[in-house]
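So the structure is just underneath, and the comments pick up after that.
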2 protein chains.
Amino acid sequence: MSFYVYTLGAGIVALLFSLFAAVATLKKPEGTEKMKEISKAIRDGSKAYLNRQLKTIVVFGIILAIVFFFLKNGGQLDIAFATGAIASYLTAFIGMNVAVRANVRTAKSAEKGTKSAFDTAILGGSVTGFVAVGLGLIAISLLFMYLTISNVAILIGFGFGASLISLFARVGGGIFTKAADVGADLVGKSELGLPEDDPRNPAVIADNVGDNVGDCAGMSADVFESYAVTLVAALLIAASISGAAFHLFSYPLMIAAVGIIGSLASMFFMRARGNNAVRALYMGIISAVIISAALDLALTILMHMPIFDFVAVLSGLVIAILIFWITDYFTGNQSKPVVKIATAAKGGAGTAVIMGLAVGLRSTWLPVLVIIIAILVSYASAGVYGIGIAAVGMLSLTATILTIDSFGPITDNAGGIAEMSGLPASVRKVTDHLDAIGNTTKATTKGYAIGGAALSAIALFVAFASAVGLTTLDVLNPLVVVGIFIGALLPFLFASFLMEAVGHAANLMVEEVRHQVKTIKGLMQGKAKPDYARAVDIATVNALKALVLPELVAILVPIGVGLLLGKAALGGLLVGMIPTSLMLALFMSNAGGAMDNAKKYIESGHFGGKGSPAHQAAIVGDTLGDPLKDTAGPSLNSMIKVVSTISILLAPIFVMYAVL
Amino acid sequence: MSFYVYTLGAGIVALLFSLFAAVATLKKPEGTEKMKEISKAIRDGSKAYLNRQLKTIVVFGIILAIVFFFLKNGGQLDIAFATGAIASYLTAFIGMNVAVRANVRTAKSAEKGTKSAFDTAILGGSVTGFVAVGLGLIAISLLFMYLTISNVAILIGFGFGASLISLFARVGGGIFTKAADVGADLVGKSELGLPEDDPRNPAVIADNVGDNVGDCAGMSADVFESYAVTLVAALLIAASISGAAFHLFSYPLMIAAVGIIGSLASMFFMRARGNNAVRALYMGIISAVIISAALDLALTILMHMPIFDFVAVLSGLVIAILIFWITDYFTGNQSKPVVKIATAAKGGAGTAVIMGLAVGLRSTWLPVLVIIIAILVSYASAGVYGIGIAAVGMLSLTATILTIDSFGPITDNAGGIAEMSGLPASVRKVTDHLDAIGNTTKATTKGYAIGGAALSAIALFVAFASAVGLTTLDVLNPLVVVGIFIGALLPFLFASFLMEAVGHAANLMVEEVRHQVKTIKGLMQGKAKPDYARAVDIATVNALKALVLPELVAILVPIGVGLLLGKAALGGLLVGMIPTSLMLALFMSNAGGAMDNAKKYIESGHFGGKGSPAHQAAIVGDTLGDPLKDTAGPSLNSMIKVVSTISILLAPIFVMYAVL
């Protein structure tokens, strides 16, 4: 069983590297007392939110664990479920805890210039990335070792555990961050004319907390989940191939191990030369792909796998980089679609949002084309197994992608701390520059997360179909038709809850900020401090309140369909849901990203610059884009995997007990 | 063959009634010279647009007819195709030509009060409604008589002809109307502070033309198409049942005939008592449903059909009325969701549009639930045939629905004419009241059109699957998976073209209006006349320009998928497209309708009323909602049927020549 040495070894290397990165980050200087104080406020708010969210998760988790216990192999299933949930939570928890310490250190290093600040933020971000892959690969390797091939299906419990945490982190964090952000902007920037991150804005700490609980914890749980679920799906697909050689199981895990080495190597390329930080990030992702591809080729030859298996894996790696570029094209700062939105903003807020949604709708076609080609290539190379390993290939870049992604909230926070603690303008200039880059990388990594979620959902569906023997859908069976419609409906319904939650919570935040500005004397003159904690509390309470309904829908609808309408309808539900969710998620994320950058494009001096009518119009677009891109859009990733994994998990019951 | 007597007879009765209604409308007084002049300007603009659009249609039509000619039974197919296209075009043409004459007469009758104006508008609107069902039923009856059961499949050519016209009318008309509307509002209302329909606004005639070419011609072609396609689908489903009795074919046609009688009877109930116009409309639809249901029951018994067939038909009738109510709930003037959006507008334009989209997303679930239940009930009652006749049941109300729908643009125009020709405020008050009702009915009939389109697409899909023997989809076949993804992508891509076209054309309109206001001396003082024709021309040219790309996508994508990837992939495409389009269309239409009424809710005095910050915010929402509800959303109806009918039409070729 020598291959475990490699996968466990690679996992341990990843954890050791993240430990090293965490220690190195914490060793860096924290700056002034004022900076420490602000950083602590952000840290406390973030921790408080995560702890309160944990309570809700535990309640859901225990109920589900009890249900699972009564299934076949219930004990093992619960172990897998708990492992998945804990590993996912740990990833989010550790990543966020380092991020909330890396922020102030990045602000401090910004005094020395772009390069120093960039390296600090990347170092801090890499902790999340490598914890995710380390924990994921070690946990799956150990579970697989313990379960053996005969009951590998239990691994789906692991995937569901990860999905459940991801759903909470994405939905709760997403509502929190945008309630705070929109609330802070609407009153602070628009009504009071305060700059971003002004310490007189009562919602400013909540806004910075939101970056951590949403963009950092939410994103890492999301991508961890895709990583875990994809590996599980590949193993399930292998298990469904009759008389599958053991190599079919070890190969995807080895690809993941190779991905860790590739990502680690890419860290050496992700260093700013002079002030060119964008180039460093691109170098990072490109080097990760090239090194991983080379190692995957070697691995394929050494393991005596068919060379076409490598082609499938390669197609997954290529998708990753293509989706990066495509997202950058649709949402990048100077890109044609973004300039179109900015131009439309000259006609007012109405035409700006019309064009923003148009760009979002349009942006779906290229990623879908890329995914379609990858499906065809990987299937032609190695059948359904090829689809599984293509997904693994794409997700094997997780460490690099999460590093680049976490860079975003860290630099965003660093800018906030620099502003609030009154550091010199030169520092703020450095953090602003990095923050702008972080905004683009947040958008592009979101594209990766959506693509990865779609591919892993497809792999999961293939595993589901193979496992329960549902290889054909009877499209003249009305139950299947009904299932397909319910599946297509789910993402729309789910997204509506999140959009409404943000709208509602943001309005409460607006009222609170207006109230504080009115009642706290000397606030606007900077003589009195606002009550930051109240604003954090409003975001926390409302995010947790709004969390329950969408969670229940995502968990209960597939159960209800399975129990009432049976297995075929549930298959229909997955078929209806996966593509629709992909489209809606791409539309929402890219519309939001593009409207965000259209605003920044105007702010950089076009069409009248800051304060012009076009700018005011673009701000409206940005406000609409916020919950689209940071709450509703990405939460759909988590939703489709919760629905998929619970469908597979409970499929045996539906087969036995379905009413119709 | 006695049943033809009834269907042809009912069709002739419908045409005679519409002739009577047209003559009665034209006999009404036209009012002052000024009114006549304005009405003529609207009429000329509408006709000019329709004529120019026709040229593009003819080019497309001839190319397609040549292609079809080389298919099996190509000559017959071309006859069916031409008949469908001509019948659809005639419906739109006649309906619109009466509407552009009914508008000025409605304005004139408004001098006598609400009842008189209401009756005039309904009378004018009924022409469209009864021409549609008359032409549709007569054409299908004759074609069916001529073709006989053995090659009933050729009827799909008729459906495609109707779909093609509908696609042009919906897309072109939709872009025209919203480019003009948004352009007129943005400069006229927001920048210059002019009231709605002020004659000093250079885009005001274009705006009124848009109501006719979009809301009137576009809608009637859309619903005519659903009507035609649904009847064809029911006949195809009957043909797919081996050894089907002739009754299975005559029954759906007889239901359509009965629907004409029910709709005709409902006209007697659609009369305003005093000033209660809303009640009259509700009475109209409810009486149409009850009378049709009673006649359908009698028909079922007389034809010795199983009583469960009646249950299926009834489920279709019930959907119609439920979707009416549901749409009214989500978009009605005082409804909870609308008030939510208005409340969110207090926080600014950003939160208003967030809540508007949230309401639109949410509004999908109830219509889908209703459709799902109808599918289950009708299938349980009579198998796949039940789904076909349920759709026919729903669409048998077409005449009543189109009457109510056409009422909208007629009263909208009447208000414009009253304003522009300086009629007393009391007249304007009457037309405003009716216009507000028209806005609600436009939204609810749109819900009906979307539901009807979905149901007819499902029936069409069932027919397709039965006809080409594709009763199961192999979901592990990557070509099927790819087809599903392309199908889900299509509505997003298609909608993006339309949103962008409106954004672009509206911006040009804004520039033109600003230019005229600046360069024409005395314009704002009412001393000089604006150049209305220029504005009409801009809307015309840009609508026609923007028409081509979405049309090509809707026609070429299914052909490309069929030729390259084969029949199974094409089946996947339909499965992916139909539910996704339904969701997107409901989301867009209802979001737009709700934001429109949220603005009106504020205008009626809430949250500060007209001119308040909340009102400004709600106007932005309304502007975004315009292309969502009147261009992109409803155009999806036409798109899914063009794609469905061309797929069925060319299926034999794809079976023979597909590359993969």
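Chain identifiers are assigned alphabetically (A, B, ...) following the order of the sequence lines, protein sequences preceding nucleic acid strands; residue numbering begins at 1 within each chain. This one's a predicted model, so the numbers in the text were calculated from it and none came from an experiment. All heavy atoms count here, side chains included; hydrogens, waters and symmetry mates do not.
With a 4.5 Å cut-off on non-hydrogen atoms, A:V368 touches chain B through its side chain but not through its backbone. For A:T343, the part lying near chain B is the backbone, with the side chain staying farther off; criterion is any non-hydrogen pair under 4.5 Å. Heavy-atom distances place the side chain of A:M588, and not its backbone, under 4.5 Å from chain B. Of the atoms belonging to A:F587, it is side-chain heavy atoms, and not backbone ones, that fall under 4.5 Å from chain B. Heavy atoms of A:L186 lying under 4.5 Å from chain B belong exclusively to its side chain. Heavy atoms closer than 4.5 Å to chain B are found nowhere in A:I371, neither backbone nor side chain.
The candidate with the highest count of non-hydrogen atom pairs below 4.5 Å against chain A, out of B:G350, B:G572, B:P579, is B:P579. Note on B:I619, B:D626, B:L624: by heavy-atom pairs under 4.5 Å with chain A, the leading option is B:L624. Chosen from B:I486, B:I372, B:V353, B:V462, the residue pairing most often with chain A at heavy-atom distances under 4.5 Å is B:I372. Chain A forms the most heavy-atom pairs under 4.5 Å with one residue out of B:V475, B:D185, B:D474, and that residue is B:V475. The choice from B:V510, B:L628, B:I484 that makes the most heavy-atom pairs within less than 4.5 Å of chain A is B:I484.
To the nearest 0.5 angstrom, A:L584 atom CG is 11.0 Å from B:M583 atom CE. One distance of note links OG1 of A:T364 with CZ of B:F485; it measures 12.5 Å at 0.5 Å rounding.
Among all heavy-atom pairs drawn from B:P627 and A:I354, the shortest one is CG-CD1, 3.6 Å. Closest approach of B:I375 and A:P478 over heavy atoms only: CG2-CB, 4.1 Å. The shortest heavy-atom contact between A:N507 and B:A344 is ND2-CA, 3.5 Å.
A:V480 has its side chain out of reach of B:L473: every pair of non-hydrogen atoms, C-beta onward, lies at least 4.5 Å apart.
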Taking it one step at a time, do B:L479 and A:L376 satisfy side chain to side chain contact (heavy atoms under 4.5 Å, CB included)?
CA-CA 7 Å; B:L479 297 179; A:L376 291 176; 3.8 Å; yes
Give the table of side-chain donor-acceptor pairs shorter than 3.5 Å for residues 487-500 of chain A, with sequence neighbours excluded, one pair per line with atom names and distance.
unit_1 : atom_1 : unit_2 : atom_2 : d
A:S496 : OG     : A:L493 : O      : 2.7
A:S496 : OG     : B:R362 : NE     : 2.7
A:E500 : OE1    : B:R362 : NH1    : 3.4
A:E500 : OE1    : B:R362 : NH2    : 2.8
A:E500 : OE2    : B:K340 : NZ     : 2.5

